[in-house]
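First the structure, in the form of structure tokens, and then the observations on it.
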Number of protein chains: 2
Amino acid sequence: MSDLVEFRNLKYLIAVAEEGNITRAAKRLYLAQPSLSTQMRGLEEALQVPLFIRDRNGVHATPAAEILITGGRELLKLRDGLIATARALHRVTFTPMRLGFSSFVDHALYEMVCSVHTSLFPECEIASRSGDNVELLLLLQKGEIDAALLALPISGSGFKTYPFTKSRLVVCMKSDDPLARLKEIAPAELQAKLTIFQEPKQHPEAHLRLMEMLDEVGIRGDVASKTTTPHNIQWMVESGQGYALVREGSEMHVGLVTRPVTGVTWTVDSALILGKSTSQKTVPGLIRELRKRLRLQVSPSSVSKPPRSVRPDIEDENLRLFA
Amino acid sequence: MSDLVEFRNLKYLIAVAEEGNITRAAKRLYLAQPSLSTQMRGLEEALQVPLFIRDRNGVHATPAAEILITGGRELLKLRDGLIATARALHRVTFTPMRLGFSSFVDHALYEMVCSVHTSLFPECEIASRSGDNVELLLLLQKGEIDAALLALPISGSGFKTYPFTKSRLVVCMKSDDPLARLKEIAPAELQAKLTIFQEPKQHPEAHLRLMEMLDEVGIRGDVASKTTTPHNIQWMVESGQGYALVREGSEMHVGLVTRPVTGVTWTVDSALILGKSTSQKTVPGLIRELRKRLRLQVSPSSVSKPPRSVRPDIEDENLRLFA
DNA sequence: TTTTGCCATAGGTACGAAGTATTGGACAGG
DNA sequence: CCTGTCCAATACTTCGTACCTATGGCAAAA
């Protein structure tokens with residue numbers, strides 16, 4: 001009978017009780033609301049004890065549930081301690097997680113990955129390494145880093161690739177630009193003014209693809225200015241050297257605005273790429289957790305797939321990335 | 001990270017350590033050995049801690065595992081206590097489980113069902129009721145019992161049926177009978193001597209089916225003597241009134257033997273039948289546990305059965321049961 | 001040798017926990 | 001009074017994984 005109650009159930013119960021609201025608790029647990037609803041009902045069913053009084057604006061724990069909650073908190077804490085000591089006893093020393101990231105990957109994404117990693121493996125350090133795609137792929141190849149956050153597409157196959165959500169590319173311009181008064185920009189308007197790009201050598205495949213996309217709507221890619229970081233790009237736009245394409249939702253300097261381009265949806269993917277033969281044991285756990293939180297998906301090499309819908313709270317936190 | 005360790009894992013770990021042998025522990029847990037093997041390996045993987053030293057004749061817990069084991073025992077005990085108090089608080093009173101069983105169902109089976117039930121729901125009494133199939137089905141129909149152990153097939157549809165054992169029918173005769181020297185009895189030999197049967201009214205469908213089966217091998221069912229319990233049947237055989245068919249492996253009076261019939265495999269199924277609308281809340285848990293336990297019943301005593309025969313087929317009301 | 005008693009691996013099934021899409025109830029604001 | 005919002009619950013579908021069977025390898029016992 002008590003085998004029907006696992007730690008997971010206690011965790012869910014506690015979250016629901018603390019939020020007083022299943023929807024909110026589901027968000028906190030990175031679950032969908034109906035899943036949590038059925039879990040709670042299942043628990044009541046299994047124990048043959050009503051756990052919540054439901055009313056119009058949420059749920060409220062019954063006394064029996066309160067018992068489970070306080071006891072459950074205790075149990076969860078004990079479990080964590082127990083595991084920690086067992087692990088400590090065996091003196092598990094992690095080799096640091098060597099994580100690369102390209103400067104064209106959203107910093108928030110990088111930080112989220114790091115924070116997930118350290119929350120899962122507090123004892124494991126992260127050795128970061130930044131660079132452009134070409135460099136990082138080489139490091140992955142040589143086994144000098146364990147994983148990297150890169151923009152797709154990537155060359156070379158055989159890398160395990162976990163693409164994150166797509167985000168649109170929009171035009172970045174000065175807010176006093178005449179076109180800034182429009183809600184959308186026609187592709188033709190970009191001709192000759194879209195001149196600021198990331199240094200092509202940093203990511204030849206992505207650059208090539210971008211040029212193709214521009215070509216498809218009749219714009220000649222006119223790479224007048226090249227630079228290496230998103231910040232530099234914004235500075236160059238500020239100084240009036242032309243327009244640039246940036247990720248929708250990325251943080252903008254004051255005096256700059258972004259506008260979508262009519263009729264096209266250019267998107268960019270960020271992805272977590274694994275080294276071919278990593279000895280880093282934290283990788284599977286990391287992937288697992290990221291998948292749960294971000295709906296990350298696997299793809300054999302670099303073919304992008306339609307993403308499933310994004311978690312609402314992730315949208316809120318502006319974690320929509322190049323896709 | 002600790003979310004990868006559930007109570008289930010601790011339970012398994014403890015069992016393995018206590019037995020010092022995965023195979024034996026698996027048996028105790030009603031699992032298959034490879035399942036438990038992979039569970040243990042998964043746990044080691046998840047924790048990144050070796051838990052067992054494996055050698056030729058078993059496994060032996062590492063110090064880290066010992067920590068988990070003692071702590072795990074504690075946690076499991078706490079969980080049970082916690083659930084008990086939570087339930088107590090809500091003053092859950094079970095209505096007794098009203099269980100019927102026909103006298104033609106193996107008594108060991110009945111006892112197993114009862115013991116599983118009380119081990120799952122110690123607070124819930126069992127109100128037993130015996131009778132013949134017809135009576136018991138009527139009681140189920142009227143909702144006066146919650147479930148019954150019966151021999152299939154059953155008449156009347158809409159009953160949820162969980163068949164579990166298939167056992168062969170063999171001929172029961174006196175050990176000094178001339179035919180008793182043979183290892184098997186030819187069907188023709190039974191003609192006119194197979195005369196002792198269960199009272200047909202007790203289970204008309206089963207009786208009818210039996211007559212059909214006899215007919216298929218050219219024996220006319222010649223019901224000379226009728227009786228109501230397996231014991232009585234044996235007495236009648238003892239007193240020389242003829243042969244009878246009994247369940248293979250059932251306990252025999254001294255002076256009686258059983259012999260299989262050449263070329264045929266008559267079997268009889270026992271099943272747990274549920275009342276149409278039971279309010280008995282223990283039923284789902286009971287079913288669940290019985291399924292788990294009886295699946296493993298490959299070894300005990302009988303010839304190779306199709307192991308999945310234990311699996312209840314909910315759609316299947318009857319018919320495939322005698323085979 | 002063969003047999004026996006372990007555990008591990010491989011491959012498949014099935015059940016449960018997760019998902020999406022949608023409904024229904026209970027307000028609150030226009 | 002409707003309509004939009006905010007809940008939870010329902011009705012599906014999908015996917016992960018715990019479990020199964022079958023088989024293999026490896027020692028020690030027969």
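Letters A, B, ... are given to chains in the order of the sequence lines, protein chains preceding strands, and every chain is numbered from 1.
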Any [X] side-chain nitrogen or oxygen under 4.0 Å from OP1 or OP2 of [N]:
X: A:Ser37; N: D:dA9; answer: yes
X: B:Ser35; N: D:dC20; answer: yes
X: A:Tyr12; N: C:dA18; answer: yes
X: B:Asn21; N: C:dC6; answer: yes
X: A:Arg56; N: C:dC27; answer: yes
X: B:Thr38; N: D:dC19; answer: no

Problem - Polar side-chain contact B:Gln33-C:dA8 base: donor and acceptor under 3.5 Å - result: yes
Practice task
Remember a base hit wins even if backbone is also touched, and classify A:Gly42 as base, sugar-phosphate or nothing at under 4.0 Å, heavy atoms.
Solution key: nothing
Practice task
Can you see which heavy atom on A:Leu82 is nearest to which on B:Gly72, and at what distance?
Solution key: CD2-N, 3.8 Å
Practice task
Please report the closest heavy-atom contact between A:Asn9 and A:Met40, naming both atoms and the distance.
Solution key: O-CE, 4.4 Å
Rounded to whole angstroms, how far apart are [atom1] on [X] and [atom2] on [N]?
X: B:Arg24; N: C:dG5; atom1: CZ; atom2: C1'; result: 10 Å
X: A:Leu29; N: C:dG19; atom1: CG; atom2: P; result: 10 Å
X: A:Arg8; N: C:dA17; atom1: CZ; atom2: C1'; result: 7 Å
X: A:Arg54; N: D:dT10; atom1: CZ; atom2: C1'; result: 13 Å
X: B:Asn57; N: C:dG5; atom1: CG; atom2: P; result: 12 Å
X: B:Lys27; N: D:dC20; atom1: NZ; atom2: P; result: 13 Å
X: A:Arg291; N: D:dT17; atom1: CZ; atom2: C1'; result: 12 Å
X: A:Leu31; N: C:dA17; atom1: CG; atom2: C1'; result: 9 Å

Problem - From A:Tyr30 atom OH to A:Ser35 atom OG, the distance as rounded to the nearest 0.5 Å - result: 16.0 Å
Practice task
State which residues pass side chain to side chain donor-acceptor pair (under 3.5 Å) with A:Arg288; sequence neighbours excluded, sorted by chain then number.
Solution key: none
Problem - Over 12 foreign heavy atoms within 6.0 Å of CD, B:Glu45 - result: no
Problem - Closest-nucleotide 5' rank along DNA chain C - winner of B:Arg288 and B:Arg41 - result: B:Arg41
